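Per chain, numbering begins at 1; letters A, B, ... match sequence-line order. Bear in mind that the values here come from a model prediction, so they are computed numbers and not experimental data.
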Protein chains: 2
Amino acid sequence: MLKVVRKDGGGEVHAMSDSMTNGDAPPGAATDIGSEEAAPKVKRGTGRRLHGAIAHKLGAAIVSGEYRPGDTLSGEVAFSEALDVSRSAYREAVQVLSAKGLVESRPKTGTRVLPRHRWNLLDPDVLAWAFSGEPDIQFVRSLFELRSIVEPAAARLAAERRDKADLKEMRDALGAMRRHTLATDAGRAADRDFHNAVLAATRNDALVVLTASIGAAVAWTTQFKQRSRALPRNPVPDHVKVYDAIAAGDVEGAGEAMRLLVDLALEDTRSAMKG
Amino acid sequence: MLKVVRKDGGGEVHAMSDSMTNGDAPPGAATDIGSEEAAPKVKRGTGRRLHGAIAHKLGAAIVSGEYRPGDTLSGEVAFSEALDVSRSAYREAVQVLSAKGLVESRPKTGTRVLPRHRWNLLDPDVLAWAFSGEPDIQFVRSLFELRSIVEPAAARLAAERRDKADLKEMRDALGAMRRHTLATDAGRAADRDFHNAVLAATRNDALVVLTASIGAAVAWTTQFKQRSRALPRNPVPDHVKVYDAIAAGDVEGAGEAMRLLVDLALEDTRSAMKG
DNA sequence: CAAACTAATATGTCGGAGTAATATAAAGGA
DNA sequence: TCCTTTATATTACTCCGACATATTAGTTTG
């Protein structure tokens, strides 16, 4: 982890290893003789690239509030040396964060964390970073609220525009949900497939992308929910009601059924988070 | 632009020079007889960085369909040389595109354009790129449809949760809209301010971010609309109705008034696009 | 006191060298 | 014949060191 030091006004985030708490020691200084540096090596999974790992690390630190808006990261050279990576890799990571609106880099000024309203909170990666730690309850509430707005409307559109192929997709997903439960990966995948099928039936790309992002985030909370206790309620009947209404072309019924489904999911997650 | 050559199966995009449409060719190198590389120098505005300009160029080419999903860009060295920039700048640009889900880079395979459903269509930059050329009518329709779903719901929430400060913001924006018209930049800014004030009153960050993206895109279409002809209708009264309902705490009325507002805007844009 | 100029500093850009990963082709075994 | 394993070539990935550029802060000058 990286120590945070804030100056008056615009703070500055100094990148240094936790072990060296003295504030002025240059990271590369030969203070320790053996290669004893507890170098905060940025490890990456097999598939992930180095700059991706750095972006994940920094992004998670930013969305979790460890680096606060207005803070400026210490210079490229210092930070990259502290992370024990090349300047190129660090820069590419910063470009990613900049692309997602988390930071802004300018000459002389340095790289500073942007205010929260500039963040692309609906970006899948940003959501993943937000949920990699302890997600902000208020933000989770916002997400569910948005979902409760969008998904019923999507169900209404789907009831208008679905064709036979769409209905088959939903039936297949429903069958998979019945076979596996929500406690398994396959079951959760089937749940996502069902919702994706509904979205696809709306013929609205913007809706598809948006709900894909939200759905991914909600999946995290669902998994979180499962961690705490077994799900007491069988979710399949509620899904079937949605399917029936969409298949029948019942616009109002589809919207209402989906609204019920989302509300119940919210209720489950809310109670699980309190416990 | 860069010429596109597709092989059988997975196509490949070769980066090669052609006559740039923007007249920024250096006078000295204008007529290069021998080496006829009319180097497609990527020029950037004052504030924009080089890799940002490259990202804009490539991103616009991708979302406009010039590079199609499945195509693989020619290698880093070839492409960066064709663009007459360093590999670092090119790579950082690709990282940006990768962060937005437009491309994916893997060793041996190269960087290839991802299928459309992987794109972050709600990313502000991606939207800007999409609207920098001729926007897809179908996608614009999707965007308006999403807006017609989200904004009325936002108005309902705002009617529940607004406080005096929110109402003051809306009144100020309304006043600015009255003073300037929608034909001026200031007027359009006031329009955005009003909608942003409504969004802020919902106390929902996800809603704010989402509608900020959509609003920016819609602003482009509004400008496009203005280009074709003068707006025949005065938009202020409709906005006032929304404000009155929100101020009165009339949830249903606010949603209905906003729905009317969005529908009218859609109607205007639709007729303007046909003409 | 204000405007213009100078200097310091951090990001931006560059080109090259070497490493790691992976798809394709080749070789081997069932 | 088909599948598995190995080898190889191509490509992105990472690192490095240098220079260019932009922006701020301080200094000088009117």
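We find that CG of B/L50 is positioned 20 Å from P of D/dC19, with the value rounded to whole Å. The nearest whole Å value for the distance from the CZ atom in A/R87 to the P atom in C/dA17 is 20 Å. For the pair A/R48 CZ and C/dA21 P, the computed distance is 15 Å after rounding to whole Å. Residue A/E76 contributes atom CD, which lies 14 Å from atom P of D/dC15 at whole-angstrom precision. Regarding A/R49, its CZ atom lies at a distance of 18 Å from the P atom of C/dT19, rounded to whole Å. Here the P atom of nucleotide D/dT23 and the CZ atom of A/R112 are 14 Å apart, to the nearest Å. Rounded to whole angstrom, the span from the OH atom of B/Y90 across to the C1' atom of D/dA12 amounts to 11 Å. Between the CG atom of A/L73 and the P atom of C/dT9 there is a distance of 20 Å, rounded to whole Å.
Both A/V85 and A/P107 lie near DNA chain D, and the one whose nearest nucleotide falls closer to the 5' end is A/V85. Closest-nucleotide positions on DNA chain D for A/G52 and B/K108 were compared, and the one nearer the 5' end corresponds to B/K108.
Closest non-hydrogen pair, A/A206 versus B/L122, comes out as O-CD1, 4.3 Å. Across every non-hydrogen atom of A/V208 and A/L199, the tightest pair is CG2-O, 3.8 Å.
B/T109 comes within contact range of the sugar-phosphate backbone alone, with a heavy-atom separation under 4.0 Å but no base atom that close. If you check every strand for non-hydrogen atoms under 4.0 Å, B/S88 touches a base.
For C/dA23, one of the phosphate oxygens OP1 or OP2 lies less than 4.0 angstrom from a side-chain nitrogen or oxygen of B/R106. One finds a side-chain N or O of B/H51 lying less than 4.0 angstrom from the OP1 or OP2 phosphate oxygen of C/dT13. Contact between the side-chain N/O atoms of B/R91 and the OP1/OP2 oxygens of D/dA12 is not found at any separation under 4.0 Å. Put simply, B/S86 has no side-chain N or O that comes within less than 4.0 Å of OP1 or OP2 on C/dT13.
With A/F139 as the aromatic partner, A/R116 meets the cation-pi criteria of under 6.0 angstrom to the ring centre and within 45 degrees of the ring axis.
Screening A/P107, A/S98, A/S105 for a side chain to side chain contact (heavy atoms under 4.5 Å, CB included) with B/R49, the sole residue that qualifies is A/P107.
B/R112 and B/E104 are not joined by a salt bridge, as no carboxylate oxygen comes within less than 4.0 angstrom of a charged side-chain nitrogen.
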